[in-house]
Structure formats: C-alpha cells, structure tokens
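Take a look at the structure set out below.
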Amino acid sequence: MVSLPAPDSRAPLALHRLTGFVLGRIGVMPALLTVGVFVLLPCLWLVWLSVLDRSGALSGENYARLIEQASYRRIFLITFRVSFETVLCCLVLGIPFASYVAKLPPRAFGLVMAAVLFPLWTSLLVRAYAWLVILQRNGLLNTWLQDWGLIDAPLPLAFNEFATVLGMTHIMLPIFLLPTISAMRSVDGNLLKASESMGASGLRTYLSVFLPLSLSGILAGTILVFVMSLGFYVTPAILGGGNVQVISMRIARSLSTYSNFGASSAIGVVLLICVFAVLGLSLLLRRRLSGGKETK
Amino acid sequence: MKMDTPSIHPHPGLAGVGKSVEITALRKTYGKHVVLDDVSLTLQRGEFLAILGASGSGKSTLLMALAGFVEADSGSIRLDGRDITHLPANKRGFGVMFQNYALFPHMTVLENILYPLKLRRVPRPEAVERAMAALATVKLDHLAARRIDALSGGQRQRVALARAIVYEPEILLMDEPLSALDKSLREEMQIEIRELHEKLGITTLYVTHDQREALTIADRVAVMRDGRFEQIAPPEEIYRRPSSAFVAEFLGEAILFDPEEQAQILSGLPAEHDSDGPLLMMRSEDMQLVPWVEDAAPVTLTAELRDIVFQGDSWLVKLRLGTGREIAIRAQRVSSSRIETLAPGQSCTVYLRRDALHYVGRS
Amino acid sequence: MKKTTIATSLPLLVSLGAGALHAEGVVNVLSPGGSVYEGGNAVLWGPAGEKLGIEVRSETADEGLPAVRLQVGSGSVYSDIVFLADYEGTLGGMEGILEPIDYSIVDKSQFMPGTATDYCVGVYGYATVMAWNTETYAAKAPSSWADFWDTEAFPGRRALRGNPETQIEVALLADGVAPEELYDVMSTEEGLDRALAKIFALKDDISVWWSSGAQHAQLMRDGEVDMSTGWNGRFQSAMDDGGPVDFTFNQGILATDCLGVPKGAPNKDLAMKLIAEMANPESQAKLTEYISYGPVIPAAFDTGLIPDDVAKRLPTHPDYLNDLIVQNIGWWVENNDHVRELYENMMTE
C-alpha cells in the first residue's frame, strides 16, 4: 500500500537526514585523524626540522648545503637514474610477462601469481645477499663462466650500478606486475577478437588494442616502482658496494652517525617534493590519457 | 535519409553480392561435452539467416567457428567453394559484431571505424570519407568525434554496425547484437538492420535467443538445440509449420495435444491417429471464444473458464480442459458484451482455426 | 615517612644493614653488553667494585652517546659510567654532557699517549690496518700504505671505507706524510685536497666502499677484493676462519673505546674512583681473554698475563707501538662534517 507521507512523518525524516549527516561527518573523523596524526604531522615535523640549524635556530643552511654541495646533486641524480633504470627493466621484463600471464586460464594463472607474489614474503636483505653470492668475483656466475671457458678473468658484476638495478628490479618486478596484470586481465577479450576479425594481426592487435587498454595499469606500476625505488636503501647499500650512493643512504648516514636531523630532514623534504612532483606528473598524464581525446 | 550520401558499397542495392557459406559436418567438443554435433548449413549469397537457440545450444560457438576464433575438431567451412576451415580469423575478412559491441574504448567513434580501413592501408582521406559514409548509414555522422563511453547503448550498437560494414565484408556475423537494448529500441534496430541488409546484400549470420527477433529480421531461421539444427526454414514456415514440438514451443505460445487428449477433448476432427502418433499443435492466438469467419464445421473444444486478463491487443484467457490440464489462449476477438457474460467457473466453447492446425513430431 | 611501623621498617633496616656491610655506595655502568659487559664484569668494574666496596650495577645500551644525550637532556641522569667510542668521548665533552675526568685520581701517566683524554679513559685500542689476499700476493706481500696505492707492483681490487675517517690519514701516509705531521697536514685545505686527490687517483681500482666491519671482513674472506682497509679484529677473525687473509699493524691507525662520566652523574665521585681502580695493567691484560683488542696501558704486556701468541695479535703490542699512529679524535670531531662532504663529493664524482 502506497500512501502520501503523513505530516508528522516529515519530522523523523528530517531527523534521519540530520543524524545521517552528523554520523557521516563523525564517520570520516577517525580516518582524517589517523591520516593527520600518522602522515601529515610527521611530514610537517620533518619540514620544521629541516629549517633548523644545529643550535635550533631558524635557518636555511640545510637547503643551502643541498645546493652548494655537488655531492648532493650527484646523489639525487644517481638515485633518479637508478630508479629510472629499474623502471625500464620492469617495463621490458614485466610487460611481455604480464601479457602472457594475463591470458592464462584461471588455474595456471593462480599458480603463476602465487609464484610472482612469493618473493614479496622474503626479506630484502636475504635477496640482496643472494645476488651477491651469485654476482661477486668468486660467485656462482663468474665461476660458471670461467669453468665453461667463456671468460678468462671474473667480470665485475657485483658492487656497481648493474648489480643494484638488477637487485632492485628483482624486488620491484612483482610490484610492477600486480597493477599491470590486473589491468591486462580486465581487457575485454572480445575487443581483441574484434580487432582480429577486422583483419589485424596478433601483434597489431597487441600494440593497438591490448597495450593501450592496459596502459593505466602499466602507468600505475611504473609510478609505484619509480617512487618506491627513490627510497631504496638496503639493495643499493649491499649490491652497490658504495659505488652507488643514493638518497636514503645519505639520510641514514647523517642520522646514525651525527644525529644531524636538520640536514637529513632537508634531504627528506626534497625527496618528498620530488615524489609529489612525480605523482602529480603521472596524474596529469593519466588525465590526458583518459580525457584528452574529447576535443579534436 | 540523404540521397547524396556516398555509398559504402560499390554495388548499392544489388542483393546477393555477398558470398555463399557452406558449413559441412562441423564438430566441436570440449572434453565429453559436444558443442557442435556435425552441423551442416548453407547460406546463399546475400542471405540473412538467424540462428535461434537457448544459451548452451551451440549457436555462439558456431558463429565463433565461422569467425575463426574456434577451431573445429572436424568438418569444413567453405566460402564460395573455397575451403577456409583453417584460415585464421584475421585473414577471413568477415565483419563481426559482438554482443557487447566490442568497441575500442580508447578510440573515438571515428577512430573505431577507421581502424579496419587503416589495417587495409586505405589512404586517409578516402578512409575518412568511407568511415563518415558508414556513420551516415547508421545515422551517427554527427557523433564521429565522441568517445565511446559518451555514447548510449543504441548509439554504440550503431557504431559497431558501422565498423563491421565499413570495409565491405562479404560475410557479416552478428552475435546477439541487440540483446542489451530495451524493447522499443531493439525493434527499431531490427528493422534498420533488415533494411541495411537489403541495401548492402551482405551474407549475414545472426545469432539470437529472441524468437521474435529472429522471425522479424531473417530470410531464414535456424533453430539450434544441443549442438544441432532442429529445423531451418523461412520465418512464417517455421512458425506455422514447426517440425517438432521443441521448435513449436520455442518459437511462440504453442498448445499441443497428443492423440488421446485430442480424441477426448476436440470435436470436429477425425480421430485417426494411434496413441503414439504425432502431436496436434496450434498457436494460442489461433483459438477464439467466437467462431472463425466462414467456418461451417468448426473445430471446437469445451473448457471451464478460469480467468480472463485484458492485455491491450488481446485477452489472455485461462482455461481448464476436461482432462484437468490448464491452457492459456490469446483471444483477439471477444466482443465486450460477450466478455461481460463470462465469469470464472463458467463453461465455454473455444473455436480453433482449422488451417492453423498442424501435426508435429514428438521430441 | 617518619612514622614507619616496625613491620615495614624491619626489612628496610635489614637491607640497609646488609648493604652497609660491604658497599660504600652504588655505581651504575652502561655498557654495550656482550663480550664487553662480560669482560668488564669479570676483570674491570667487578673486581674494582669489590675492592672499593662499591656495588656496581650494570645496564646495556647499543650506543653510548645517544643514551647520555637523552639522560642529560631530560635531566634524569642515572648512569655513572658509560662505555663510549673515543670519538663519542670527545664529542660528548664538547657538547658539555660529560664530566671532565679527575686525573688527580686517575693515573694518566701509565696510558699510551692520546688514549686517556679529558673526558674519557681508554679501555682498549683497535687499529685500522691494511689487509691483503695471501693468494693474490703470494710472492710478495704489501707492507705499507704506499704499497696499497701501488697498483703496478700490487695489481688487484681494493676496498676503502665509504667514510673518510681513517682513510684520509691512510692516504696521506701513502703519499709520504710523516706520522707526526699527519694532523697538521690534515688541518690545511691543501692537505685535505692532497688526501682526496690521492684516493681519487686510486678510484678505478677501488671496487667496493665498505660500510661495516662485517662487510670488509667478508670481502677479504671471499676474495672479492685483494686489498682492504679495515679493523684488525675483523681481519683476525677472517684469518682464523681460514680465509686467505693477512694484515700488518704497520702504519695502522689506533683508536680506542673508553669510559666517560655523564654530566651530573648521581655518584660521580665514586665513578671516578672506580675508573681509577680499573686503570691498571693487570685488569687490561686480563680483558684480552674476553676481547681481542689491545690494552692501552703498555705495562699490561709486562704482567705476563697475556700469552705470547695472543699478545702478537693485539694492535698495542710493544712491537707495533712505533708503527701505529694514535688517531687524533679531536681533529675528527671538529672537522668531520666538512671532510665528509669533500669525501662524498670525491666518491660520487
């Protein structure tokens, strides 16, 4: 039975709306509070520390040093270069692999995904040392290559940028694969069939339809890997052998040995700004990708 | 419709320019499950054939096998006599329309339609001209720059159609292309597709589970069941003269009597069949509460009226037969004065149209 | 709390009485734990406390100076003696969070020069030395820092520390600077440039910049590098493990760990007494049973308490004394940040 609401039923309705409104506001409060306390405050604190000199007075010296000292510029450059190379390796290895995995039937897919995710449960430290065992001068790889007579003298595989990027790629690849595979798996198979039915080869379909539609996932993976790589510590420290100086190592060093919070904080703030810049750029890129074709 | 619109087909209006398709003993199994059970079918040049079947009947598999996406276990497919059984999908040159349209969401309407032309290396100016012509054919030339996600369901369907015909395929395969549209739009599109087919003459295979759609749109309708064809016939024939009880019931509201019931209930028909003989079939709209015109010796039955429901173009009259079975007839001709005299529980005479009576095999 | 009942005051009296029997007071010692605590308890503050009738309580903290900073900063100092690296001892003195050592009680004269500083009294010394792969250089072993830099006579991969501390000294020694002029040279910009240029010239042969003791020991043991700077104790264990490693104390840079007293320590006077009591040759000699670092009171080697084979492994053994350079920690405390910047510039160049 449907009837018009009686006049007095409006009051409870209004009340209901009000309580809904209030509850809604209260509902987001814990989340806001958590973000505020655990994310925003520490960031602000970091910024505050970065503008204090050793005596605790306001000063720009920590930032001045970042500009004056060539080593900081180089360390930032190296960090970005290593991160970029890691991203590149993830793209080169990850995209073909993800494309293959995404098309697997459910059972095989589950198995492969478990294998992909498994390394995430092993420690970074263990994996870095495992690479060291493989790559060092008397390591597995050099020993084999020498035994097979492929090389005369051991190759310098460990303690350089190559080893660092290799180790980081090993760690980052699953993280790249997750959003990439997820995007690829959600590509409608009929679109690929449609493309082929119109006469496109498998490769053409892959390039013109499959990849463009997976782009959001690939982009997400790329950004994730890049931003996480910027903050890497353990892997470059172990596999770089001091030849790959990255930002986080510099931060840790200033902190542990000298308790120089100001200097470390300033590096941290600059890194944070860099990360935000990268995220902003990616957001812009994504917006262009999704909405840029409207006006033409 | 603009008459100066450039034609997208070199031979406009010339029916039968599409090629013929000959499917012979096509078989496909998934494990023990037989999806296509030695299916054979011939499509004449320019013919429009609808395959009608419930889900799981194998109709989509047949379409996909024809498109080249499903490799059959045995049997052959010939295109104008040429064996294309093992030709890859991208070499067949067929137009395919998918159930969800399969439009590329990362391209605009125009880019979607240009895609097959680009693959054929059609020079850009000509490609754009042809694409716009195809869009004009489906009355969407004003939306060429739209993104796909900004289109309505009906618009998407038209874009998909334009994309499937822009490269002038000899065969057009359509997999339930209208199933996602609402009823009125669906009926409008059925007519448009029908008209387009008449204009272009592309040999078309159209898969649907909607019997009304199949009857509306096709030259011939093939009813599929459990991986085989039950009957292939022109719409009216398959509707009026189904070969089996299954086809009869699948295509519309059919009322069937076995010989025993027929003898018990119907008067005016000779009871000449043994109890294992064929079933007598009639459509619910061929039964009336008033005599059919010029029928001197009417076939009738007497039943108890259970309920009568007004449905606009007809009344749905629910009856209980003497055998206890309940049937529903669709009565067009009931005078309002007569209706007033009818009340549930009352006994009434039902008149059967003699030329609509048809015997079907049991199934 | 004057109105205590007999029932509650009785155990108190008993515990006071019991304490008074053999304890003149209490001293809290903060040590890094492990073998240092074990040895300290057995031969340093353990016997000394017993002798003086002082009850010694021990606590552990990984890093000494941050703990002192925290205690002094918060105004609740409870540690009386803290185990520090000599660098921390000097830095803590500069920061004003350590009491000056009362050398009227502590006998400074028996210490090696530079190992008993204003704010910290040395306990043992360890040296930054040169180690090499005995297989790579089977024919002729390198013997000086000059050899470390001589890539023609001694081709092979090197490891240097990723931190300039001790590496600047080593580079200048290799460049021919006399040990006694070392810190004068380092105190000039030209001297620093000279050291950095020396290291930069070797850069192509430096395959690893080590960052921890465990790392450089492993690099040598695995043969990853042919020559490395590093701490004698680490190389010693690499040798003991059977690694193809040897090292020399020649031109080694000696640093110490030491005992300091936090500013405002509750039992400051007793702490000084305890430190003075610990500072004797016998205690230092016995400590070598627990840790393979060298006594900083040379007389310890005359006590006869250290077996000869053990003594030979200790950096402060009289045989090596002339070869060793005691690090000027004060210089590092003052110049560390500046040198570090220069060093990292050089490393990343």
Side-chain angles (χ1 to χ4, degrees), chain A residues 95 98-99 102-109 179-222 282-296, chain B residues 30 60 63-64 66-70 87-122 143-150 159-160 162-169 171-177:
Chain A
I95 290 180
S99 308
K103 287 178 190 161
L104 288 176
R107 256 183 80 101
F109 177 76
T180 303
I181 290 176
S182 139
M184 285 179 170
R185 224 166 149 74
S186 65
V187 171
D188 181 358
N190 274 346
L191 295 179
L192 310 180
K193 284 184 185 163
S195 171
E196 284 189 39
S197 75
M198 285 183 266
S201 64
L203 182 69
R204 180 66 192 256
T205 299
Y206 180 77
L207 295 176
S208 303
V209 181
F210 188 75
L211 273 190
L213 290 175
S214 311
L215 213 57
S216 65
I218 295 171
L219 194 69
T222 301
S282 76
L283 221 70
L284 223 75
L285 195 67
R286 186 175 286 204
R287 198 164 296 169
R288 270 192 86 91
L289 276 176
S290 65
K293 293 190 170 168
E294 186 71 302
T295 51
K296 197 171 176 183
Chain B
Y30 291 111
S60 282
L63 188 101
M64 285 298 134
L66 208 50
F69 295 118
V70 169
L87 200 66
N90 59 347
K91 298 276 195 296
R92 295 197 179 188
F94 292 179
V96 183
M97 260 182 83
F98 293 85
Q99 195 169 357
N100 59 0
Y101 316 132
L103 295 172
F104 303 135
H106 59 299
M107 299 180 187
T108 63
V109 167
L110 183 62
E111 283 167 340
N112 261 280
I113 296 167
L114 284 175
Y115 186 79
L117 299 177
K118 273 189 205 163
L119 293 172
R120 284 163 178 75
R121 302 187 199 287
V122 177
L143 295 181
R146 279 276 174 92
R147 284 183 64 84
I148 298 305
D149 52 20
V159 174
R163 192 180 64 175
I165 60 172
V166 71
Y167 52 99
E168 296 157 16
I171 309 292
L172 183 58
L173 307 174
M174 301 166 109
D175 186 7
E176 308 217 17

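Chain A is the first sequence line, chain B the second, and so forth, proteins listed ahead of strands; every chain is numbered from 1. Everything numeric here is computed off the predicted structure, so don't read it as measured data.
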Is B/F104 close to chain A through its backbone or its side chain, or both, or neither, when contacts mean heavy atoms under 4.5 Å? both
Could you look at B/L117 and say if it's the side chain, the backbone, both or neither that has a heavy atom under 4.5 Å from chain A? neither
Going by heavy atoms in the side chains, are B/Y115 and A/V209 under 4.5 Å from each other? yes
Side-chain heavy atoms of B/V96 within contact of A/K193, under 4.5 Å: no
Interatomic spacing from [atom1] in [X] to [atom2] in [Y] - rounded to 0.5 Å:
X      : Y      : atom1 : atom2 : result
B/N100 : A/L191 : CG    : CG    : 7.0 Å
A/S216 : B/H106 : OG    : NE2   : 12.0 Å
A/N190 : B/M97  : CG    : CE    : 12.0 Å
B/L119 : A/S208 : CG    : OG    : 7.0 Å

State, to 0.1 Å, how close B/F98 and A/S197 come at their nearest heavy-atom pair, and which atoms those are. CE1-OG, 4.4 Å
